[in-house]
**Student:** 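Got a structure for you, questions after.
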Amino acid sequence: MNKIYGSAGEALDGLLSDGMMLAAGGFGLCGIPEMLIDALVESGIKDITIASNNCGVDGFGLGKLLDTRQIKKMISSYVGENAEFMRQYLSGELELEFNPQGTLAERMRAGGCGIPGFYTKTGVGTVVAEGKEHKEFDGETYILERAIVADVSLVKAWKADPSGNAVFRKTARNFNPPAAMCGKICVMEVEEIVPLGSLDPDTIHLPGIYVHRLIQGQHEKRIEQRTTRKREA
């Protein structure tokens with residue numbers, strides 16, 4: 001089966017609908033599926049829920065979908081350097097479900113592994129635990145977190161072969177693999193598609209069985225914050 005498509009729009013064709021749930025990879029601005037996000041903007045779909053560590057920055061990454069008011073709800077652990085994200089949340093225009101980063105990653109991974117939920121101590125005694133089932137194990141209290149299963153996953157890899165076996169670079173590996181796993185359909189953009197068999201099996205972070213569609217393209221590399229230090233005399 002050919003998994004390689006010519007453009008982000010072609011790769012998303014037939015997969016999008018209003019009110020759907022998406023999982024998006026990336027950590028800050030590292031490893032975000034830029035081309036696929038642009039295709040979402042162009043599609044005009046609305047009232048979508050997105051599970052992602054954060055929502056990009058103003059005017060870039062998932063932040064573009066905030067500007068166009070296409071997002072109804074975010075499931076995130078970090079607002080980040082995104083003033084529009086904060087404004088929409090505080091004004092009641094955007095629903096927000098906060099998750100600790102580890103919990104969010106595990107909810108995605110669990111969804112990809114067919115595990116409907118798990119118990120964790122993270123968040124016990126805080127607003128994170130409100131409305132959730134509590135249970136004691138060995139004298140300690142845990143809360144039940146439900147797995148995330150998205151309609152479509154959008155992720156970005158450094159290298160992949162035509163079967164979708166993928167390698168992620170550094171912090172891009174934090175959320176991209178679990179995000180890819182939890183989608184019923186996974187669409188991946190990649191910096192370089194390499195010949196089948198050229199990747200060392202020991203270096204593969206995500207098996208191609210999770211990946212359904214692939215695109216290749218150039219990406220803009222940004223950092224979320226820049227710090228400067230005055231040079232000493």
Side-chain angles (χ1 to χ4, degrees), residues 15-17 19-33 36-37 40 47-56 61-63 65-66 71-80 82 85 89 94-137 140-157 164 166 168 170-188 205-207 209-212:
L15 301 181
L16 304 179
S17 61
M20 71 185 306
M21 181 174 180
L22 301 168
F27 191 74
L29 295 182
C30 178
I32 62 173
L36 293 168
I37 291 170
L40 284 180
D47 296 328
I48 54 178
T49 296
I50 300 181
S52 184
N53 177 58
N54 62 306
C55 200
L62 292 174
L65 292 164
L66 289 176
I71 303 176
K72 176 184 178 181
K73 178 180 178 179
M74 286 297 303
I75 303 174
S76 298
S77 60
Y78 178 55
V79 173
N82 194 322
F85 189 177
Y89 169 57
L94 176 73
E95 295 178 44
L96 175 59
E97 181 182 334
F98 264 131
N99 274 211
Q101 284 186 340
T103 299
L104 180 58
E106 181 63 9
R107 289 182 70 191
M108 292 179 176
R109 190 197 71 83
C113 293
I115 300 169
F118 58 92
Y119 288 96
T120 176
K121 290 179 65 176
T122 305
V124 172
T126 73
V127 293
V128 171
E130 292 179 1
K132 295 176 181 174
E133 179 186 330
H134 289 60
K135 192 174 181 66
E136 284 198 6
F137 294 92
E140 298 284 347
T141 301
Y142 293 74
I143 56 174
L144 177 65
E145 292 284 0
R146 293 299 304 271
I148 290 174
V149 177
D151 297 308
V152 175
S153 293
L154 308 177
V155 298
K156 181 198 168 198
F168 303 91
K170 304 186 186 298
T171 52
R173 190 178 171 189
N174 286 359
F175 275 92
N176 273 298
M181 293 171 66
C182 76
K184 297 174 184 176
I185 299 291
C186 174
V187 185
M188 175 187 289
H205 300 136
L206 181 74
I209 192 173
Y210 288 107
V211 181
H212 301 86

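The residues of the chain are indexed from 1 along the displayed sequence. Please read all numbers here as calculations on a predicted model, not as lab measurements.
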**Student:** Taking side chain to side chain contact (heavy atoms under 4.5 Å, CB included) as the test, write out the residues that go with Ile209, two or more places apart.
**Tutor:** Pro207
**Student:** Could you walk me through whether Val149 and Met21 pass the side-chain contact (heavy atoms from CB on, under 4.5 Å) check?
**Tutor:** CA-CA 8 Å; Val149 177; Met21 181 174 180; over 6 Å; no
**Student:** Going by salt bridge (charged side-chain N to carboxylate O under 4.0 Å, His left out), name the residues that satisfy it together with Glu97, two or more places apart in sequence or in a different chain.
**Tutor:** Lys73, Arg107
**Student:** Measuring only between side-chain heavy atoms, which start at C-beta, is Leu94 closer than 4.5 Å to Leu66?
**Tutor:** yes
**Student:** Once rounded to the nearest 0.5 Å, what's the spacing between atom NZ of Lys72 and atom CG of Leu65?
**Tutor:** 16.0 Å
**Student:** How would you list, by chain and number, every residue that makes a ring pair (Phe, Tyr, Trp, His ring centres under 6.0 Å) with Phe118, sequence neighbours excluded?
**Tutor:** none
**Student:** Measure across Leu96 and Phe85 and return the closest heavy-atom pair with its distance rounded to 0.1 Å.
**Tutor:** CD1-CZ, 3.7 Å
**Student:** Is any side-chain heavy atom of Asn176 less than 4.5 Å from a side-chain heavy atom of Met188?
**Tutor:** no
**Student:** Identify, with sequence neighbours excluded, every residue that meets side chain to side chain contact (heavy atoms under 4.5 Å, CB included) alongside Ser52.
**Tutor:** Ala24, Ile50, Leu62, Met74
**Student:** Taking only residues two or more places apart in sequence, or in another chain, which ones meet Arg173 in a salt bridge (charged side-chain N to carboxylate O under 4.0 Å, His left out)?
**Tutor:** none
**Student:** Using the test side chain to side chain contact (heavy atoms under 4.5 Å, CB included), find all partners of Thr171 that sit at least two apart in sequence or belong to another chain.
**Tutor:** Phe27, Cys30, Asn174
**Student:** Kindly give the heavy-atom pair with the smallest separation between Pro177 and Ala172, and that separation in Å.
**Tutor:** CD-O, 4.2 Å
**Student:** Among Asp151, Val187, Leu154, Leu22, which residue meets the side chain to side chain contact (heavy atoms under 4.5 Å, CB included) test with Leu15?
**Tutor:** Val187
**Student:** Enumerate the residue pairs fulfilling salt bridge (charged side-chain N to carboxylate O under 4.0 Å, His left out) with a member in residues 120-129, sequence neighbours excluded, ordered by first and then second residue.
**Tutor:** Lys121-Glu140
**Student:** Tell me, please, which residues at least two apart from Lys132 pass salt bridge (charged side-chain N to carboxylate O under 4.0 Å, His left out).
**Tutor:** Glu145
**Student:** What's the separation between atom CG in Asn99 and atom CD in Glu106, rounded to the nearest 0.5 Å?
**Tutor:** 12.0 Å
**Student:** Using the salt bridge (charged side-chain N to carboxylate O under 4.0 Å, His left out) criterion, which residues pair with Glu136? Sequence neighbours excluded.
**Tutor:** none
**Student:** So which heavy atom on Thr141 is nearest to which on His134, and how close?
**Tutor:** CG2-CD2, 3.8 Å
**Student:** Checking Thr103 now: which residues fulfil side chain to side chain donor-acceptor pair (under 3.5 Å) with it, not counting sequence neighbours?
**Tutor:** none
**Student:** For Thr120, which residues count as a side chain to side chain donor-acceptor pair (under 3.5 Å) partner, sequence neighbours excluded?
**Tutor:** Thr122
**Student:** So do the side chains of Leu206 and Met181 get within less than 4.5 Å of each other, counting heavy atoms only?
**Tutor:** yes
**Student:** So which heavy atom on Gln101 is nearest to which on Ser77, and how close?
**Tutor:** CG-OG, 2.9 Å
**Student:** Measuring from atom OG1 of Thr49 to atom CE of Met20, what distance do you get when rounded to the nearest 0.5 angstrom?
**Tutor:** 10.5 Å
**Student:** Restricting to ring pair (Phe, Tyr, Trp, His ring centres under 6.0 Å), what partner residues turn up for Tyr142, sequence neighbours left out?
**Tutor:** Phe137
**Student:** Tell me the closest heavy-atom pair linking Ala129 and Gly123, and the distance in Å.
**Tutor:** CB-O, 3.4 Å
**Student:** Determine the minimum heavy-atom distance between Gly117 and Leu144, stating which atoms define it.
**Tutor:** C-CD1, 4.2 Å
**Student:** Supply the atom-to-atom distance Phe168 CZ to Lys170 NZ, rounded to the nearest 0.5 angstrom.
**Tutor:** 15.0 Å
